[in-house]
Structure formats: C-alpha cells, structure tokens
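Counting convention: from 1, in listed order, for ligands and their atoms alike. For the numbers below, each heavy atom of this structure counts, side chains included, while hydrogens, waters and symmetry mates do not.
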Amino acid sequence: MLELTDIHKSYENQPLLTGISFTVAEGESVCLLGPSGSGKSTLLRLVAGLEEPERGEVRWEGEDMAPIPAHRRNFGLVFQDYALFPHLDVTGNVAFGLKMQNLPADEIRQRVATMLEKVNLAGFENRRVTDLSGGEQQRVALARALATGPRLLMFDEPLGALDRSLKDNLLAELRRILHETGVPAIYVTHDQEEAFAIADRILLLHEGRIVQEGAPAEVYAHPASAWVAQFLGVGNIITGVVRAGNVETSVGNFRLSCAHAHRDGEKVNLMVSRHQVREAPDGELRGVVADVVFQQDGFKVTLSNGLVFHLPKAPKSGEEIRFHVPSAAVQCLP
Ligand code: ADP
C-alpha cells in the first residue's frame, strides 16, 4: 500500500538518503531504526509531504503522492514533543482535525469519547493538556492522530522524552492499539529495544541506505554485517586475519568454518555469541575479567578486552578466563 522507490535526498550537497526503497503493507508496523542523524526523520517528512525527494517516488496504493499536499494525504503524525495545542483542553486537541473536516458536533463528541477510551484517557476530556504528564500528553497526541481515521500513522521518536518504565507501558499499549485498529504504521527510533518491541519488520538505516530489513528475531539472529551486529549489541565482534584455515585474532585463534571463500591474509569479522561459549582451561578464547554484573538468568561478564559473555556462574574480577567457542557460536560477517 505504501511504496517508496529509490528515494534520494541531500542537504547542502551532503547526500543523506541514497536510494531508499521499501513498502509498508496493510496493518503492518514497520520500524526505521538507525543512529541519530541517519535521516530517519527526513524519510518520515518525505512520506508526510513536508519535504520533497530529489529523486524517487512515494506511492500510496499505486498513486504518486508528489502532487498531493501534506494535509490531503490523510497520514497521521505523532512527534516526540507531542506538538499539542496548549490553549485547548484534551477534547479540543483530539477534536481538532475532526472540526477541520466539518463533522457534526454529535459525531465529533462520539469520536473523541471513543478515541480517549482507546488510549485509556476516559475522564480526561476537560483537562488542560499543560497539566498532564508526558505519558498522558503523548496519549492525547495519539488519540488526536487516530481521530480522523488516517490511512497511515507515522511516529517520530514518540517515546523519546519518557523514562524507561513509562516507555515500556506505552509501547505495550501502542502495540495493542495498532493491532486493534489495523492502521499501518512507520515508527522511527534510534532505540533498538523500542524497535524490537513494536515492529513487525525492522529497516536498519546506515549511511543513506537500508542495510538490513527483516522481522526483529531474524535481524537479531542473523545481522547482515559487523556494523549491524555492533549497532544492535548482538554478540561480540572480533576482527582477525585468515591463516591456513584459521582466523588469528588478538584474543585467540579460531577455526574458520563459513560458507564464504577466504584467502590467506584476508581480514574478517567474527561474531561470537555471548551465550554459547563454555569455560574451559584449554579454551581458544582468553581474557581477563574486568566486570561482573548479576542478571536474572546468570552473570554478565565483561573482559578487559571489551568482550561480553553471559555465564551461569560468576568468575572473579582480575582472573584470567578461557572459553571454548563451539563453531555454532561463531558467524563470519562482512
Ligand atoms: P535522524 O532522524 O535519523 O536523526 P534527520 O533526518 O533528522 O536524522 O537528519 C539527518 C541530518 O540531515 C541532520 O543531521 C542534518 O545534518 C540534516 N538535515 C536534516 N534536515 C535538514 C534541513 N532542513 N536543512 C539542512 N540539513 C538538514
């Protein structure tokens, strides 16, 4: 239904987006995930019609959106800073778009009540928005965006200003609301936990391109590159050199068992799982324990060489430790 094809955009001769293509299907929540400055908000603004691409197309059900101004696209936007109207109460904010559509007063009242119920704000009708907490204000913004029945919802770091526990609650609600309403959504964030919690599909943006896309579990299990693995904090990335079927690294030598063909002397990135290693006195990977943190299911152990492992028992700080790394625990990444 939404289709972006080969989108290019630059600012001050600096290319920002260089050939972005993706689709959003009916009822699907797609998350654009990438570091700050990777062009996520710009992509949203292009879809919304607040910016124009230099090249490429935005289509909705086949229709080219280029000649359609932002206010006629019927796409809803929710921003980090809520962008509520401070002089209007909750009802006034949620009803705003409906009044612009000249709907009868009765219908507006009915729709506002339904929306407030959906976002768990029934009873807040006459509250001033400036008196509400951040989480409540964001619910009002969501109710306002949903009220006009948009055909697509876009979220730009909507939970960025909220603390962790509030974020988790709102994420769960947002997921419920998106599934209930079936409105397709594009959700922009630099926070991978948020992305993993909300997305049916993740698009990872880096240096102007989508470097990987897939379901959260798929992206997590098979990062497409060392950059992706590092950005997502999946496993340990160790760089080494191929010598006679082994990879020599500063933390040990590993057998190379991967589907790529490698030449002797070639540099490779290995991703070593944080979970699948086993302590062994003759293990091939070694390091000195720098930090041990208790977690619900064991201990997170950081070594002085920066590698991180999850272990069932706590080693001592300062102790040298060795691990056996089974071949299933190592992936070779571009
Ligand atoms: P993200 O949402 O991933 O943080 P943005 O899309 O906000 O990234 O912006 C990426 C970069 O593009 C910014 O760091 C800025 O340098 C540039 N940029 C964005 N909008 C403009 C603009 N209107 N004029 C000039 N440069 C801009």
Which heavy atom of the protein is the closest neighbour of [atom], given with residue, atom name and distance?
| atom | result |
| --- | --- |
| atom 24 (N) of ligand 1 | Tyr11 CD2, 3.5 Å |
| atom 8 (O) of ligand 1 | Gly39 N, 3.1 Å |
| atom 9 (O) of ligand 1 | Thr42 OG1, 3.9 Å |
| atom 7 (O) of ligand 1 | Ser41 CB, 3.6 Å |
| atom 4 (O) of ligand 1 | Gly37 N, 2.7 Å |

Quiz item: Are any of the N or O atoms of Glu12 closer than 3.5 Å to those of ligand 1?
Solution: no
For [X], counting its heavy atoms only, list the atoms of ligand 1 lying under 4.0 Å from any of them.
| X | answer |
| --- | --- |
| Arg45 | 20 (N) |
| Pro35 | 3 (O) |
| Leu16 | 10 (C), 11 (C), 12 (O) |
| Lys40 | 1 (P), 2 (O), 3 (O), 4 (O), 6 (O), 8 (O) |
| Ser38 | 1 (P), 3 (O), 8 (O) |

Self-check item: Pi-cation contact, Phe85 with Arg144 (under 6.0 Å, within 45°)
Solution: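 Checked: cation-pi criterion met.
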Cluster link [X] to [Y], ILVMFWY, side chain under 4.5 Å:
| X | Y | value |
| --- | --- | --- |
| Ile20 | Trp60 | yes |
| Leu203 | Val47 | yes |
| Leu146 | Leu77 | no |
| Phe22 | Ile202 | no |
| Val292 | Phe294 | yes |

Would you verify that at least one protein heavy atom lies under 4.0 Å from [atom], or report that none does?
| atom | result |
| --- | --- |
| atom 19 (C) of ligand 1 | yes |
| atom 13 (C) of ligand 1 | no |
| atom 16 (O) of ligand 1 | no |

Exercise. For the pair Trp227 and His206, name the ring-plane relationship: parallel under 30°, tilted 30 to 60°, perpendicular over 60°.
Key: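 Rings of Trp227 and His206: parallel, as their planes differ by under 30°.
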Quiz item: How far does CZ of Phe124 sit from CG of Leu116, to the nearest 0.5 angstrom?
Solution: 9.5 Å
Practice problem: Please check if any side-chain donor atom of Ser10 sits under 3.5 Å from a side-chain acceptor atom of Glu54, or the reverse. | Solution: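 Ser10 vs Glu54: donor-acceptor pair found between side chains.
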